[in-house]
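Worksheet for the structure shown next.
Here is how names work: the chains are called A, B, and so on, in the same order as the sequence lines, proteins then strands, and each is numbered from 1. Model, not experiment: these values are computed from the prediction.
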There are 2 protein chains.
Amino acid sequence: MSVQERKERERAARERLIVATARELAEQQGWDAVTTRLLAERIEYSQPVLYSHFRGKREIIGAVALQGAAEMAAAVRAAALAADGPRTRVTGLARAYLDFAERNPAVYDAMFQLDGGLAFAAEDTPEPLKDAFAALLESLGEVAGDGVHPGLFTEVFWAALHGLATLTRAGRLPPAEAERRVELLVDRLAMT
Amino acid sequence: MSVQERKERERAARERLIVATARELAEQQGWDAVTTRLLAERIEYSQPVLYSHFRGKREIIGAVALQGAAEMAAAVRAAALAADGPRTRVTGLARAYLDFAERNPAVYDAMFQLDGGLAFAAEDTPEPLKDAFAALLESLGEVAGDGVHPGLFTEVFWAALHGLATLTRAGRLPPAEAERRVELLVDRLAMT
DNA sequence: GGTTCGATCCTAGCATCGCTAGACAATCGA
DNA sequence: TCGATTGTCTAGCGATGCTAGGATCGAACC
């Protein structure tokens with residue numbers, strides 16, 4: 001059995017290598033540069049090996065997205081823990097969210113802009129995605145305000161952050177005043 | 001000269017046909033289906049003809065985006081005119097925006113999700129895009145609140161709408177409660 | 001220890017993509 | 001009427017995601 005176990009370990013390691021390499025390549029040169037040929041060359045295997053781990057390129061993007069969701073959830077929770085009041089917690093959360101999107105644009109794209117073949121807002125939504133939303137909900141729920149459903153409030157706040165993140169990164173919003181936009185958003189949306 | 005004018009007219013008509021066909025095809029089967037071959041076949045010309053009008057597929061997407069921006073500006077202004085108070089105006093604007101995105105998903109993608117090679121938030125931003133932002137500003141500026149820059153407020157409100165539009169359409173947000181999210185957003189953001 | 005057999009991987013290739021070169025035909029000016 | 005110009009098409013290039021089928025390697029059995 002030991003031989004088989006070793007093979008499984010090696011196989012899992014190679015799968016992690018694929019995901020990590022795809023992510024690295026995407027951050028360096030954009031997702032367009034992540035071709036199956038280049039990716040295969042980087043991991044020093046032939047193309048078909050990729051397809052023994054993933055159904056196709058979509059699933060590789062999906063794997064990067066899940067990894068990113070876990071990291072984002074951690075980043076958001078860390079920011080929330082570092083703050084003391086509900087208000088500063090929300091501001092910190094917003095900054096952490098936008099900061100993550102800015103520092104990991106390719107991962108953010110994998111999560112929300114590209115098709116990673118992942119289910120959302122459904123029963124079969126992968127755990128990391130549900131947990132990332134839960135991380136937002138934990139801090140945002142307490143500032144939803146009276147009579148407002150915490151989940152609904154979180155959705156709206158999240159959408160606003162997502163809009164700021166994508167429009168800023170696409171050059172639709174001047175980056176200079178990003179901080180003022182965050183302050184305005186928190187000022188108005190959060191009921192403290 | 002008349003002959004040359006006729007040719008120019010016909011050429012302009014063909015260009016409109018290309019844009020209209022690309023848009024139609026994108027709305028029916030998604031932008032992935034808008035290949036240069038299929039598009040050429042639909043307009044009953046060969047592929048290279050497309051490149052005598054546009055630099056490439058990107059520019060065709062850009063042309064659809066500009067068309068969409070003009071329509072969206074008109075839709076937003078119409079909604080604003082139909083309302084009487086600042087508050088109902090903002091609500092109507094928000095509904096019109098999201099309605100446009102929902103009814104014209106491919107056009108909305110061309111405007112904000114895909115690369116149409118268009119400049120934003122810069123001097124060389126095409127007029128229709130600046131005008132679409134201006135249409136939002138006209139109604140949103142009056143509810144920015146004291147001491148808040150109308151442009152900045154418009155940017156934040158727009159980002160929130162954009163986030164709602166994209167996340168809803170991507171299946172990230174359940175469509176059922178879309179209306180309640182709009183109400184919450186307007187309630188909190190608009191100072192009336 | 002040699003042999004068999006299954007798992008693993010690679011070479012080669014398919015269909016399709018955006019885009020372009022060069023041949024061909026239609027039209028215009030002289 | 002004839003050359004030149006303009007316009008269009010056929011054919012093809014390089015690159016893409018993905019796959020079929022053969023080669024190779026290692027584990028397991030007599």
Checklist entry - So what does A:Thr35 touch, heavy atoms closer than 4.0 Å: a base, only the sugar-phosphate, or nothing? => result sugar-phosphate
Item to check | Over-ring placement of B:Arg172 relative to A:Phe112, 6.0 Å and 45° cut-offs | outcome: no
Checklist entry - Can you tell which of C:dC19, C:dC9, D:dC9 lies closest to the side chain of B:Ser46? => result D:dC9
Checklist entry - So which nucleotide from D:dC9, C:dT20, D:dT19 ends up closest to the side chain of B:Val49? => result D:dC9
Item to check | Residues B:Trp158, B:Phe153; criterion ring-ring contact (aromatic ring centres under 6.0 Å, His included); working and verdict | outcome: CA-CA 8 Å; B:Trp158 173 35; B:Phe153 177 80; over 10 Å; no
Checklist entry - On a plain distance test, is the side chain of A:Gln47 in donor-acceptor contact with the base of D:dC18 below 3.5 Å? => result yes
Checklist entry - Atom NZ of B:Lys57 and atom P of C:dC19: how far apart are they, to the nearest Å? => result 8 Å
Checklist entry - For B:Glu102, what residues pass the side chain to side chain contact (heavy atoms under 4.5 Å, CB included) criterion, not counting sequence neighbours? => result none
Next on the checklist: Under 4.0 Å from OP1 or OP2 of C:dC19: is there any side-chain N or O of B:Thr36 that close?
Outcome noted: no
Checklist outcome for this item: When rounded to whole Å, the CZ to C1' distance for the pair B:Phe54 and C:dG18 reads 16 Å
Checklist outcome for this item: Rounded to whole Å, the NE2-P distance (B:His53 to C:dT20) equals 16 Å
Checklist entry - C:dT16 P sits how many Å from B:Asp32 CG, rounded? => result 15 Å
Item to check | Distance in angstrom units between A:Glu59 CD and D:dG17 P, rounded | outcome: 15 Å
Item to check | Which residue lies more 5' along DNA chain C, comparing A:Pro48 with B:Gly56 via nearest heavy atoms | outcome: A:Pro48
Next on the checklist: Using a 4.0 Å heavy-atom cut-off, does A:Arg14 contact any base of the nucleic acid, only the sugar-phosphate backbone, or nothing at all?
Outcome noted: sugar-phosphate
Next on the checklist: Using whole Å, what does the distance between atom C1' of nucleotide D:dA15 and atom CG of A:Leu38 come to?
Outcome noted: 12 Å
Next on the checklist: In whole Å, I'd like the distance from the CD atom of A:Glu10 to the C1' atom of D:dG26.
Outcome noted: 12 Å
Checklist outcome for this item: salt bridge (charged side-chain N to carboxylate O under 4.0 Å, His left out) filter on B:Glu71, not counting sequence neighbours, yields B:Arg23
Checklist entry - Nearest to the side chain of B:Arg37 - D:dC9, D:dC13, D:dT19? => result D:dC13
Next on the checklist: Can you measure A:Tyr45 atom OH to C:dT11 atom P for me and round it to whole angstrom units?
Outcome noted: 14 Å
Next on the checklist: If only side-chain N and O atoms count, and only distance matters, is there a donor-acceptor pair under 3.5 Å linking A:Tyr108 with A:His162?
Outcome noted: yes
